[in-house]
Peer 1: 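For reference, the structure I am asking about is given below.
Heads up: numbering here begins at 1 and tracks the sequence. For ligands, and for the atoms within them, numbers begin at 1 and follow the listed sequence.
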Amino acid sequence: MATGKINVSVDNIFPLIKKFLYSDHEIFLRELISNATDATLKLKHLTNIGETDVEYGNPVIDIKVDKENKKIHVIDQGIGMTKEEVEKYINEVAFSGAEEFLDKYKDSAKDSGIIGHFGLGFYSAFMVAHKVEIITKSYKDEPAAHWTCSGTTEFTLEDADKQDRGTEIILHINEDDEEFLEENRIEELLVKYNKFMPIPIRFGTREETLPLPDDAPEDAKPETKTVDNIINNPDPAWTKQPTDLEDKDYKDFYRELYPMQFEEPLFHIHLNVDYPFNLTGILYFPKMSQDMNMQRDKIQLYQNQVFVTDNVEGIVPEFLTMLRGVIDSPDIPLNVSRSYLQADGAVKKISSYITRKVADKLKALFNNNREDFQEKWNDIKVVIEYGMLTEDKFYEKAQKFALYPTIDNEYYTFEELKEAIKDNQTDKDGNLVILYASNQNEQHSYIEAAKDKGYKVILLDSPIISHLLQKLESSEEKITFTRVDSDHVDNLIKTDEEKISKLSDDEKEKLKGDFEKVVPKEKYTIQMEAMDSNAAPLMITQPEFMRRMKEMQQTGGGGMFGMGNMPEMYNLVVNTNHPLTAEILSAEKETQQRLIKQSLDLARLSQNLLKGEELTAFIKRSFEMVK
Ligand code: ADP
Ligand code: MG
């Protein structure tokens, strides 16, 4: 057996980096600032543990754009490099000095916040620059070094006369990448990627308007002062301990994250774990709108305070992508593809941790102040119901705090609801029938009829509710959800009670035939019912099953073969005990047809089903009858 080493030639590394390593050119700045930050944090660490007695001071990172000479400078006051270190860290592609540092200072540097990982970040500079220079002076007492490279494997390395500690990276920008010589573009990148990085980043200066003194004359002009233009907030709220923060701090941070957002968040969840993975962050529950897709992509993902992406799909469970806030984890790989992320074990654990934290927080809010939780229910229910539908773990936990409000604003948990209705709403087969409405206005008459019978009517109006009901019915024993307008009130909850009909069976048969002559049978199934004589003579209902399947398909239910395209089918319930029905039965053919047609239209009108030309004709006909 022969063994050996595969030789990887670096000759072709530059074209590869330019083409494949990073799809996005703009990240070069993020990488260089990450290195400058690392260099500064390393120095901080060494001074902290007493390995050096150099003055740490108040270091900043400077970004300068020299449009005229087509250069960008990134300057730090960090640890710097000796000539030997440049040889080692820069010339050896894919050797990470960051990893080496973390290895060397394992225990003490664990929480130092060092960003680098792969030893590739620096070379992203060649995506936008045809030539890169490094001028660097180590904190050690050694001469400065000057490294130059024009995007080939050739480089020069010589002494330099830089006196102050730190590193300056100079990019000679490609003609194709001159957008990066625009100040606005650079500022945009700094705000996007570096807004919460731990070392102050200065991008030139800006004018600040000073407040007028109290006794200033009316026509006084406010004075301005030139100040450093610091891009970032080095201590964002999520890096602090929850005990050091007040409600106001969380709200202020929300404002900082979403300056264009005027509504306050409903509440927040502070995430903080260090085992078995590292993760910090703050999630906010905003007021949810019914349109779930509108609110995606608001959570920002960071790695050691460096912005990575605002697409957290695969990292956060789908139902939580409706929330806002930040997640920061050094364990999330920075530059890898999404499909890799989704398969990554750490990422999966992160996802289930977040789900659990959110469930725990909701439970605590419910327990600590139920009234307040009830008030917020309408604004958060979409997320919770969606979570119950899609995550089994969350479903279990949510049983304790998910609410089922009645039309009259009583809020029940599922257990409480079952208890409250079990005496009055159990049908003859022992099924507990939960009556609900999806629209208080449109289903008004049905709601009233149900309430008159002493039933409780729950209001469930989220877009995905039919899917959730399906799930509840299949995971709970002997439970059915029935919408109030899916049948006549006497049939909503079936009992053994015999109903007395004023009409004989023969009369009913004849009446049914009379109706069938007028009513289009491809649309309506006629159903003869002996109901209260005060109830409506004619009524249109849509069976629960049919309607729900249709709804589920419209909101993306898989496997519901063609239900959405099925014709609308209704039941036409004829009250055989109503005086009008008796009149129809005994009327002359012409009168009979007119009465049936008019009553049918009235029934349709009450279900909002009479529209267009038919509505116009109906109104005209009705006026004729009135006069
Ligand atoms: P990584 O940051 O993943 O280690 P990079 O390719 O970004 O890899 O950088 C390679 C190494 O070069 C760094 O680990 C560090 O040792 C060194 N380096 C890069 N930039 C600087 C800097 N501004 N100051 C000091 N050292 C630097
Ligand atoms: Mg790096």
Peer 1: In terms of the angle between their ring planes, are Y302 and F196 parallel, tilted or perpendicular, with boundaries placed at 30° and 60°?
Peer 2: perpendicular
Peer 1: Should H270 and L245 be marked as a side-chain contact (heavy atoms from CB on, under 4.5 Å) after you check the CA-CA gap, both sets of side-chain angles, and the distance that decides it?
Peer 2: CA-CA 10 Å; H270 200 131; L245 296 167; 3.7 Å; yes
Peer 1: Among Y254, F366, F373, F285, which residue meets the ring-ring contact (aromatic ring centres under 6.0 Å, His included) test with F267?
Peer 2: F285
Peer 1: Going by the rule salt bridge (Lys or Arg N to Asp or Glu O under 4.0 Å), which residues pair with R206 if we only count those two or more places apart in sequence or in a different chain?
Peer 2: E208
Peer 1: Would you mind finding which of K42, K88, Q77, E31 brings a heavy atom closest to atom 15 (C) of ligand 1?
Peer 2: K42
Peer 1: Does ligand 1 come near enough to D76 that some N or O of the ligand is less than 3.5 Å from an N or O of the residue?
Peer 2: yes
Peer 1: Based purely on interatomic distance, does A39 place a nitrogen or oxygen under 3.5 Å from a nitrogen or oxygen of ligand 1?
Peer 2: no
Peer 1: May I ask you to check if any N/O/S atom from S34 comes under 2.8 Å of the Mg ion (ligand 2)?
Peer 2: no
Peer 1: Check each atom of ligand 1 against the heavy atoms of G121 and keep those under 4.0 Å away; list them by number with element.
Peer 2: 5 (P), 6 (O), 7 (O)
Peer 1: Does the N or O separation between N35 and ligand 1 drop below 3.5 Å for any pair?
Peer 2: yes
Peer 1: Return the option from Y139, Y89, Y123, F101 holding the heavy atom at the smallest distance from atom 10 (C) of ligand 1.
Peer 2: Y89
Peer 1: What residues, two or more places apart in sequence or in another chain, satisfy salt bridge (Lys or Arg N to Asp or Glu O under 4.0 Å) together with D228?
Peer 2: R202
Peer 1: Would you say the side-chain atoms of T226 and E207 include a donor-acceptor pair closer than 3.5 Å?
Peer 2: yes
Peer 1: Polar contacts were defined as any N/O atom of the residue lying under 3.5 Å from an N/O atom of the ligand; does this apply to I90 and ligand 1?
Peer 2: no
